[in-house]
Structure formats: C-alpha cells, structure tokens
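One structure is given below, encoded as structure tokens.
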Amino acid sequence: MPDTDDKITIESVTSSHVQRVDRRKYTAMRDALLKVLPAGAPGITIAEAKAKLLPHLPEDMFPGGDKAGWWLKAAQLDLEAKRVIGRTADKPLRLFKL
C-alpha cells in the first residue's frame with residue numbers, strides 16, 4: 001500500500017497485520033517515544049515511557065494525553081518490527097532503543 005501525505009502504513013512485530021494511520025500523530029508519538037527511551041537494556045516500562053513522553057506530545061493532537069496509550073502501543077509494535085527498539089523478555093515488559 002503506498003503511503004499518502006496524511007497516512008502512513010505501520011506494521012506489528014506480533015503479527016503480519018499492517019494498518020494505515022494518521023502520519024502526523026504517528027510521527028509525533030514515534031519521536032516522543034524515541035526521545036525518552038534509553039539506549040540498551042534494561043530499558044523502562046511502558047507505563048514509565050508513557051509518563052515521560054506525554055510532555056513531548058503536541059497538545060492539539062493529544063489533548064490531555066487523550067488516545068496516547070493506543071498510539072504508544074502502535075508506535076512500539078511498529079518500531080519493534082523495524083528493529084529500532086527492543087523489549088525485555090521478563091515482566092513487566094521494558095523497552096529500549098537498539
């Protein structure tokens with residue numbers, strides 16, 4: 001599927017599912033997530049990542065953090081599929097930049 005200016009295709013590390021999403025929201029979440037994730041393991045939990053990235057999100061796209069959890073998970077799975085970030089095998093799951 002070709003990407004258009006307003007949509008981007010993302011994938012999931014856990015399945016072969018691809019989805020087309022809003023490019024601006026995805027990019028904002030991806031950039032915020034990569035800004036707060038440490039390089040290498042052990043990383044930080046998803047809850048810690050969300051708390052740290054919320055101040056970096058544009059308020060007009062994520063008013064009060066609305067829908068940030070969904071977009072965080074979408075960006076996480078896509079970045080894992082692209083091997084930009086990794087996860088630990090233990091619980092709670094921890095994320096880090098590769």
Side-chain angles (χ1 to χ4, degrees):
M1 281 182 262
D3 292 335
T4 62
D5 288 342
D6 60 337
K7 296 283 187 181
I8 188 170
T9 303
I10 62 172
E11 52 192 307
S12 173
V13 71
T14 61
S15 71
S16 59
H17 182 72
V18 295
Q19 186 170 356
R20 295 187 41 76
V21 298
D22 182 276
R23 180 183 299 275
R24 288 182 50 230
K25 285 187 175 183
Y26 172 81
T27 301
M29 180 57 73
R30 179 199 63 206
D31 293 349
L33 180 58
L34 292 175
K35 188 177 289 187
V36 302
L37 286 183
I44 59 176
T45 66
I46 293 174
E48 291 168 330
K50 184 176 179 184
K52 288 183 177 197
L53 67 77
L54 284 175
H56 300 285
L57 294 175
E59 183 65 21
D60 65 321
M61 285 190 244
F62 300 94
D66 188 41
K67 306 290 186 204
W70 186 91
W71 285 96
L72 169 57
K73 192 63 169 180
Q76 171 208 332
L77 294 174
D78 183 60
L79 291 171
E80 282 187 84
K82 291 175 170 61
R83 298 187 176 264
V84 175
I85 67 173
R87 68 167 76 185
T88 59
D90 57 343
K91 302 288 184 197
L93 181 78
R94 299 173 78 80
L95 304 174
F96 54 91
K97 287 188 265 189
L98 293 175

Give every donor-acceptor pair under 3.5 Å between a side-chain atom in residues 45-53 and any protein atom, sequence neighbours left out.
from, atom 1, to, atom 2, distance (Å)
T45, OG1, E48, N, 3.1
T45, OG1, E48, OE1, 3.3
E48, OE1, T45, N, 2.8

Below 3.5 Å, can you tabulate the donor-acceptor pairs from side chains in residues 64-82 to any protein atom, sequence neighbours excluded?
from, atom 1, to, atom 2, distance (Å)
K73, NZ, Q76, OE1, 3.3
Q76, NE2, E80, OE2, 2.8
D78, OD1, E11, N, 2.8
D78, OD1, K82, NZ, 2.5
D78, OD2, Y26, OH, 2.5
D78, OD2, K82, NZ, 3.1
E80, OE1, R87, NE, 2.6
E80, OE1, R87, NH2, 3.4
E80, OE2, R87, NE, 3.4
E80, OE2, R87, NH2, 3.0
K82, NZ, E11, OE2, 3.3

Show me the donor-acceptor pairs within less than 3.5 Å that the side chains of residues 28-43 make with the rest of the protein, sequence neighbours left out.
none

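Hydrophobic cluster membership differs between V21 and V13, with clusters built from Ile, Leu, Val, Met, Phe, Trp and Tyr side chains linked at under 4.5 angstrom.
Across R83 and L98, no two heavy atoms sit closer than the pair O-CD1, 3.5 Å.
The CZ atom of R20 sits 7.5 Å away from the NZ atom of K7 when rounded to the nearest 0.5 Å. Considering OG1 of T88 and CZ of R94, their distance stands at 7.0 Å, rounded to 0.5 Å.
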